[in-house]
Amino acid sequence: MDNKHDILKLLRSVADGTTSPEDALLDLKEAPFEDLDYAKIDLHRSVRQGAAEVIYGAGKTPEQILGIVTAMGERGCKNILVTRISPEAAGLLSDAVPVDYHPLPKLAVAFPEKRIGRGSIVVATGGTSDMPVAEEAALTAEAMGNHVTRLYDVGVAGLHRLLSNLDPLMSARCVIAVAGMEGALASVIGGLVDCPVIAVPTSVGYGASFGGLSALLSMLNSCASGCSVVNIDNGFGAGYLASMINQMEDIKEE
């Protein structure tokens with residue numbers, strides 16, 4: 001059982017008598033996870049959270065990544081995200097299964113399946129150097145079925161660049177503000193929009209930025225209401241949270 005649709009289908013088959021309750025129970029008992037020894041794949045995560053388990057590629061061997069993705073693919077999982085994946089691992093993976101690999105954010109989408117983009121998420125960066133983290137956020141959100149608008153290099157060093165994009169900002173359901181250096185972009189955007197802002201500090205900057213710590217502290221101390229902060233360089237976490245906000249059930253499609 002890989003998603004809510006599969007479980008509903010199974011339950012309806014029990015209701016109409018085509019599946020016995022005992023067989024249905026067996027299917028549900030076997031579904032929660034698969035043990036590969038080096039990994040225990042959570043196959044019920046899409047049922048609980050609406051998205052399949054995401055694979056963190058750093059620290060895993062290419063063979064381990066391939067094994068996990070293959071097992072998930074055999075259970076019908078689509079748009080499997082692999083973050084922080086090396087080019088070597090991406091090459092091995094793409095030789096075995098369908099993969100969209102994005103070298104800038106080091107992110108792969110295995111068994112890619114086009115999804116209709118819902119709502120509106122804006123991903124904005126302070127500078128071009130923030131793009132790897134921003135693309136991780138944007139691609140994560142797109143893989144989860146969201147419409148994403150990218151506004152790159154619109155930082156406070158040239159505020160007119162941001163202000164020329166007020167239409168997409170004002171119509172967004174969630175904004176992801178990605179910035180290094182002093183991290184001021186999140187506060188500026190937070191003071192303009194009426195939707196949640198997810199601030200992502202990046203490790204971009206000179207010595208006193210302390211690998212993103214300065215931006216993190218600036219964003220945590222933001223005076224703009226409705227602004228939350230994820231970890232340094234955590235584009236994936238921002239994209240995932242933005243997807244949950246954007247797809248809240250009480251939001252009506254236009």
Side-chain angles (χ1 to χ4, degrees), residues 81 83 100 102-107 109 114-205 209 212 214-216 218-220 222-248 251 253-254:
L81 287 170
T83 65
D100 285 341
H102 304 270
L104 185 64
K106 296 181 179 178
L107 182 141
V109 184
K114 188 172 179 59
R115 300 184 64 178
I116 298 173
R118 294 186 57 196
S120 179
I121 295 173
V122 170
V123 180
T125 73
T128 304
S129 297
D130 300 309
M131 279 181 59
V133 176
E135 275 299 293
E136 184 177 75
L139 291 165
T140 295
E142 286 176 336
M144 293 180 176
N146 303 278
H147 175 72
V148 176
T149 300
R150 292 163 170 81
L151 302 177
Y152 289 168
D153 195 25
V154 292
V156 297
L159 201 54
H160 55 289
R161 301 172 300 180
L162 180 69
L163 298 178
S164 69
N165 288 284
L166 287 180
D167 284 352
L169 285 168
M170 295 300 186
S171 59
R173 292 177 178 170
C174 184
V175 177
I176 300 173
V178 185
M181 299 291 186
E182 82 287 9
L185 180 65
S187 290
V188 174
I189 292 177
L192 291 173
V193 302
D194 63 354
C195 65
V197 175
I198 303 172
V200 189
T202 72
S203 51
V204 171
S209 70
S214 292
L216 172 64
S218 293
M219 291 172 171
L220 286 172
S222 173
C223 64
S225 302
C227 186
S228 62
V229 188
V230 298
N231 207 346
I232 298 169
D233 291 337
N234 189 10
F236 161 73
Y240 195 105
L241 178 57
S243 176
M244 296 180 74
I245 293 170
N246 184 53
Q247 297 191 24
M248 288 175 65
I251 293 177
E253 289 297 323
E254 297 176 358

Kindly indicate whether the side chain of [X], heavy atoms from C-beta on, has any atom under 4.5 Å from the side chain of [Y].
| X | Y | value |
| --- | --- | --- |
| V204 | S209 | no |
| L169 | L151 | yes |
| D100 | L139 | no |
| T140 | S243 | no |
| T125 | V133 | no |
| L185 | D130 | no |

Please give me the minimum heavy-atom distance between [X] and [Y], naming the atom from each residue.
| X | Y | value |
| --- | --- | --- |
| A199 | C227 | CB-SG, 4.0 Å |
| V230 | P201 | O-CD, 3.3 Å |
| G235 | V200 | N-CG1, 4.3 Å |
| H147 | G119 | CB-O, 3.3 Å |
| C195 | V175 | SG-CG2, 3.8 Å |
| I189 | A177 | CD1-CB, 4.0 Å |

Is it the case that the side chain of [X] and the backbone of [Y] share a donor-acceptor pair, with hydrogens and angles ignored and the cut-off at 3.5 Å?
| X | Y | value |
| --- | --- | --- |
| S218 | S214 | yes |
| E135 | H102 | no |
| S222 | M219 | no |
| N246 | R118 | yes |

Could you please spell out the steps behind the side-chain contact (heavy atoms from CB on, under 4.5 Å) verdict for V156 and M181?
CA-CA 11 Å; V156 297; M181 299 291 186; over 6 Å; no
Using the test side chain to side chain donor-acceptor pair (under 3.5 Å), find all partners of [X] that sit at least two apart in sequence or belong to another chain.
| X | result |
| --- | --- |
| N234 | none |
| T149 | none |
| N165 | none |

Could you list the residues that satisfy side chain to side chain contact (heavy atoms under 4.5 Å, CB included) with A141, not counting sequence neighbours?
I121, N146, V148
List the residues meeting side chain to side chain contact (heavy atoms under 4.5 Å, CB included) with T128, not counting sequence neighbours, and say none if there are none.
M131, D153
Worked verdict on L162 versus L192 for side-chain contact (heavy atoms from CB on, under 4.5 Å)
CA-CA 11 Å; L162 180 69; L192 291 173; 4.2 Å; yes
Yes or no on side-chain contact (heavy atoms from CB on, under 4.5 Å) for I245 and I198, after CA distance, side-chain angles and deciding distance?
CA-CA 10 Å; I245 293 170; I198 303 172; 4.2 Å; yes
Any salt bridge (charged side-chain N to carboxylate O under 4.0 Å, His left out) involving residues 136-147? Give me the pairs, sequence neighbours left out, ordered by first then second residue.
R84-E136, E142-R150
Enter the distance from L81:CG to Y240:OH here, rounded to the nearest 0.5 Å.
10.0 Å
